[in-house]
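Numbering of ligands and ligand atoms starts at 1, following listing order.
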Amino acid sequence: MAKTTPSSSRRVFYFGKTRTDGKGNMKALLGGKGANLAEMTSIGLPVPPGFTITTEVCDGYYKAGRKLPAGLMDEVHTAISTLEKELGKKFGNDSNPLLVSVRSGAASSMPGMMNTILNLGLNDKSVTGLANATGNERFAYDAYRRVINMFGDVVMNVDHEHYEVAFDKIKTKYNAKLDTDVPTEGLIELCHAYKAVYKHHTGQNFPQDPIKQLEHAVEAVFRSWMQPRAVRYRQVENITGLLGTAVNVQSMVYGNMGLDSGTGVAFTRNPSTGENKFYGEFLVNAQGEDVVAGIRTPLPVAEMPKWKAEGHPQIGKLVHKQLLGIKDILEQHYRDVQDIEFTIERGTLYMLQTRNGKRTGPAAVKIACDMVREKLIDEKTAVLRVPPNDLNQLLLPSFDPAAKKKATTLTIGLPASPGAAYGKLAFSAAEAVERAHAGEKVLLVRKETNPEDIDGMHVAAGILTSTGGMTSHAAVVARGWGRCCVAGCGAITIDEKSRTIVVAGKKFTHKDTLSIDGSTGEVMEGNIATQEPKLSGDFATLMKWADKYRTLKVRTNADTPADAKRAREFGAQGIGLCRTEHMFFEGERIIAMREMIVADNEADRRKALAKLLPYQRADFEGIFKAMDGFPVTVRLLDPPLHEFLPQDAKGQQEVAKRLGVSAKLIAERVTKLHEQNPMLGHRGCRLSITYPEILEMQVTAIVEAAINCTKKKIKAIPEIMHPLVGSENEIRLLREWTETTIAAVKKAKKFTGKLDILIGTMIEIPRAALTANEIANHAEFFSFGTNDLTQMTFGFSRDDINTFLPDYLNKEIFERDPFQSLDQTGVGQLVDMAVNKGRSVKSDLKCGICGEHGGDPSSIAFCHKAGLNYVSCSPFRVPVARLAAAQAAINSGKAAENRTA
Ligand code: ADP
Ligand code: MG
Ligand code: MG
């Protein structure tokens with residue numbers, strides 16, 4: 001019996017009428033494109049047959065030192081034979097040749113990152129075969145010149161420019177303005193010229209053996225996986241852990257066979273707004289990348305029904321109807337929005353690609369809610385569908401309508417990616433990067449962007465292009481990132497060299513600021529005021545669903561009543577971190593604060609503190625009122641005292657004058673407070689240990705505020721938090737003093753009512769985590785200050801990390817900045833340990849996190865697993881955290897049992 005290869009080691013997966021080996025869920029092995037080509041074939045959609053070489057082969061290629069594995073080309077040959085039989089065409093044949101495309105495709109989509117070769121299989125012989133078979137000589141030579149160009153460019157690194165030069169010569173000779181004006185004999189000449197360009201730059205002839213062409217092309221796709229722009233894209237998008245790219249070899253269909261042919265790209269719903277309307281663009285008589293490349297301006301698919309061709313008056317109507325049918329089939333099958341590529345060859349529609357469509361945050365929310373209403377998905381799926389960080393786009397400011405009304409609109413382009421942005425003009429990606437790093441807000445202005453521009457696009461406040469449609473590179477990438485983008489502004493003339501643009505008869509340079517509205521396409525002069533967003537409609541619905549499934553509470557970090565109020569509107573269930581030091585900076589307060597610092601005895605310090613007390617009390621009252629009924633964790637003074645004094649002589653003189661002391665005294669105090677390592681110095685609870693009267697004043701202010709609120713029927717729930725605790729003895733003492741003060745205030749105020757004030761500590765020093773069982777004896781709650789905990793665990797300062805962090809990321813020592821996403825393997829162990837040790841002595845110990853990580857989705861998933869009661873983050877991240885918490889709960893399959901927080 002013949003040996004069959006076990007499917008696990010199958011390297012080539014066929015898709016077509018003969019058989020289909022792959023499935024839609026095999027993305028890791030077949031790449032997204034390959035898996036979906038197989039899937040579409042299986043559900044009966046019209047897909048040109050072909051085969052996929054797996055990502056494992058790519059992995060093997062690199063492991064073998066960039067060599068194709070032995071025997072692979074034999075398997076490819078077999079697959080080609082199957083293809084030949086199925087289509088009744090032959091590779092390299094002079095009567096009816098088989099042509100193929102060679103396409104990359106990794107498990108995660110990387111739009112435009114890798115190279116595709118079309119029309120492969122053409123040579124001097126088969127080009128006549130193609131001409132005969134199609135009865136269209138011009139088309140055949142057009143296809144041939146394209147493949148010589150693409151193959152040279154992609155496989156042999158022959159610069160596209162050289163081909164352009166050759167083409168221009170021919171165009172001049174035949175007096176042709178457009179490519180399409182060049183007659184057949186011109187294209188035949190062009191093929192000769194292109195082959196000469198190829199030979200000149202590679203030292204070899206354009207390969208005539210189709211199988212050799214194929215082998216080189218397959219290798220080129222594998223190579224493209226590691227080219228810098230692909231590597232960079234994966235970095236920016238945080239794509240890790242993939243084996244490589246698959247290679248799809250697919251029989252060609254021709255959108256460039258005449259006016260009854262065409263090609264297009266579409267989304268089953270509007271990717272910008274989410275509107276449930278088929279949405280896309282197409283070009284008549286065009287091939288492959290023409291739509292995406294922005295060379296010709298495509299027509300909206302909605303206008304397709306008007307398309308008529310000779311002898312085919314219904315062509316547009318029929319194809320359009322067929323596409324709408326396919327939209328439904330695809331959405332029913334994938335239960336998500338699809339982003340498709342299609343080609344029409346002489347009136348027949350073919351599907352070339354489908355994938356889940358990238359969408360803006362607002363579109364993601366609308367689509368998720370719509371699909372629940374349409375019963376395509378359930379609530380849980382809807383909650384999982386929206387990437388939490390994409391909610392930021394719904395929380396983006398928009399232009400203030402009043403300010404916008406007064407603005408001068410210069411032109412209106414395509415609303416490619418929503419949002420409101422303004423910035424000074426930058427004309428290249430490199431310039432944008434440089435100026436953005438120097439702290440400028442820039443708008444990247446380009447004719448059209450390409451994958452090499454992604455760095456500049458990433459740092460720009462917004463992107464503005466003069467050509468290219470809604471599916472151009474700039475538009476697709478900007479939408480993926482939620483970056484504001486206006487595309488296709490034909491009225492703008494860009495002069496990159498002189499760094500100017502001209503629009504509406506006005507000239508603007510790199511010094512000028514423009515505003516762009518990515519939701520309307522407007523381009524306006526100057527910077528226009530923006531306004532805050534609201535949580536309503538579908539956004540509110542999705543949040544309601546999220547709340548149903550999450551078990552983590554979400555609090556906010558807020559120091560002012562205004563922030564507290566905003567956070568509550570966004571759904572915050574309390575304040576997890578109220579920093580008191582910010583309250584010491586405003587107006588008169590800083591003077592009293594400085595008086596306190598300058599004082600050299602307790603009595604004088606108390607005098608100054610007494611002046612601060614009413615301010616603090618009023619602040620707390622405001623915050624308790626805004627958080628009526630929700631807990632507020634107040635952190636006692638944290639930063640080192642020197643931060644409150646000016647370091648320069650002039651500033652010190654002013655302070656001296658104001659306090660009525662000598663400048664010398666202030667200078668002396670500053671010198672005395674100087675520390676080598678202030679972040680590891682006299683700060684946090686160490687201040688209270690040295691100056692218990694500071695603690696006393698702050699606790700008094702908190703308790704008095706709470707009592708005042710209670711009298712006004714406002715439910716104040718303060719939690720007093722001691723920062724930077726590292727040992728049991730510290731917290732024991734701090735707790736004692738805190739309790740004594742609480743009792744004293746109650747007595748002084750003759751307050752006999754109920755006042756539940758929890759006393760707890762931050763866990764931000766590794767030792768606190770290590771000895772959490774001791775510390776928990778004196779704390780009712782732990783709040784993980786993961787900023788300090790991260791810096792102390794790694795032993796590097798958050799403020800100085802930027803000098804070396806880029807190297808750590810580039811060399812993949814770190815996958816992500818540990819200050820942005822919690823280091824779960826290291827710092828995470830300390831969190832886990834502290835929770836477990838703490839709860840071993842106090843089972844109801846309340847645990848939360850108040851570091852920046854509290855708003856980061858992957859860190860939130862960790863917090864869920866670690867069994868924290870809540871996360872706390874900045875007001876604008878509250879919706880993100882609510883959604884991330886729900887996803888964590890759904891993903892871990894936990895039932896929603898509400899813990900108390
Ligand atoms: P990308 O990943 O950059 O979109 P693709 O592999 O999808 O690259 O191919 C680029 C373009 O070439 C697409 O517009 C696609 O529709 C077209 N194309 C690819 N294969 C074929 C084919 N077999 N016949 C016709 N057009 C093709
Ligand atoms: Mg594609
Ligand atoms: Mg801290």
Go through it in stages, so that I can follow the logic: the residues are F206 and D124, the test is side-chain contact (heavy atoms from CB on, under 4.5 Å), and I'd like the CA-CA distance, side-chain angles, deciding distance and then a yes or no.
CA-CA 10 Å; F206 177 72; D124 294 348; over 6 Å; no
Which protein N, O or S atoms lie under 2.8 Å from the Mg ion (ligand 2)?
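Near the Mg ion (ligand 2), below 2.8 Å, one finds E341 OE1, E341 OE2, Q353 OE1.
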So does D336 pair up with R359, basic N to acidic O under 4.0 Å?
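A salt bridge links D336 with R359.
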Can you tell whether the side chains of R355 and D339 come within less than 4.0 Å, N to carboxylate O?
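Counted as a salt bridge, because a side-chain N and a carboxylate O are separated by less than 4.0 Å.
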When only distance counts, is [X] in polar contact with ligand 1, meaning an N/O pair under 3.5 Å?
X	answer
V253	yes
T343	no
R103	yes

For [X] and [Y], test the side chains for any donor-to-acceptor distance below 3.5 angstrom and give the result as yes or no.
X	Y	answer
N36	Y334	yes
S272	T360	no
E84	N93	no
E331	T268	yes

Are Y14 and E86 close enough, and set up right, to give a side-chain hydrogen bond (donor to acceptor under 3.5 Å, both in side chains), and what steps lead you there?
CA-CA 12 Å; Y14 191 84; E86 183 169 322; 2.9 Å; yes
Over 12 non-hydrogen atoms of neighbours within 6.0 angstrom of CG in L259
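No.
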Applying a heavy-atom cut-off of 4.0 Å, say which part of [X] lies close to ligand 1: side chain, backbone, both or neither.
X	result
V100	neither
T116	side chain
K33	side chain
P48	neither

Considering S101, S109, P49 one by one, which has a heavy atom nearer to atom 20 (N) of ligand 1 than any of the others?
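Nearest heavy atom to atom 20 (N) of ligand 1 lies in S101.
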Please state which option from E341, R355, Q287 has its nearest heavy atom closest to atom 16 (O) of ligand 1.
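The option holding the nearest heavy atom is E341.
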Parallel, tilted or perpendicular: which one describes the rings of Y198 and F151, with boundaries at 30° and 60°?
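Ring orientation, 0 to 90° scale: tilted.
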Would you please classify the geometry between the Y194 ring and the F167 ring as parallel, tilted or perpendicular, with 30° and 60° separating the classes?
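Perpendicular, since the angle between the ring planes exceeds 60°.
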Quick check on contacts: which atoms of ligand 1 are under 4.0 angstrom from a heavy atom of L352?
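By the 4.0 Å cutoff, the relevant atoms are 16 (O), 21 (C), 22 (C), 24 (N), 25 (C), 26 (N), 27 (C).
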As an exercise, identify every atom of ligand 1 less than 4.0 angstrom from a heavy atom of Q353.
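Within the 4.0 Å cut-off of Q353, ligand 1 contributes 4 (O), 7 (O).
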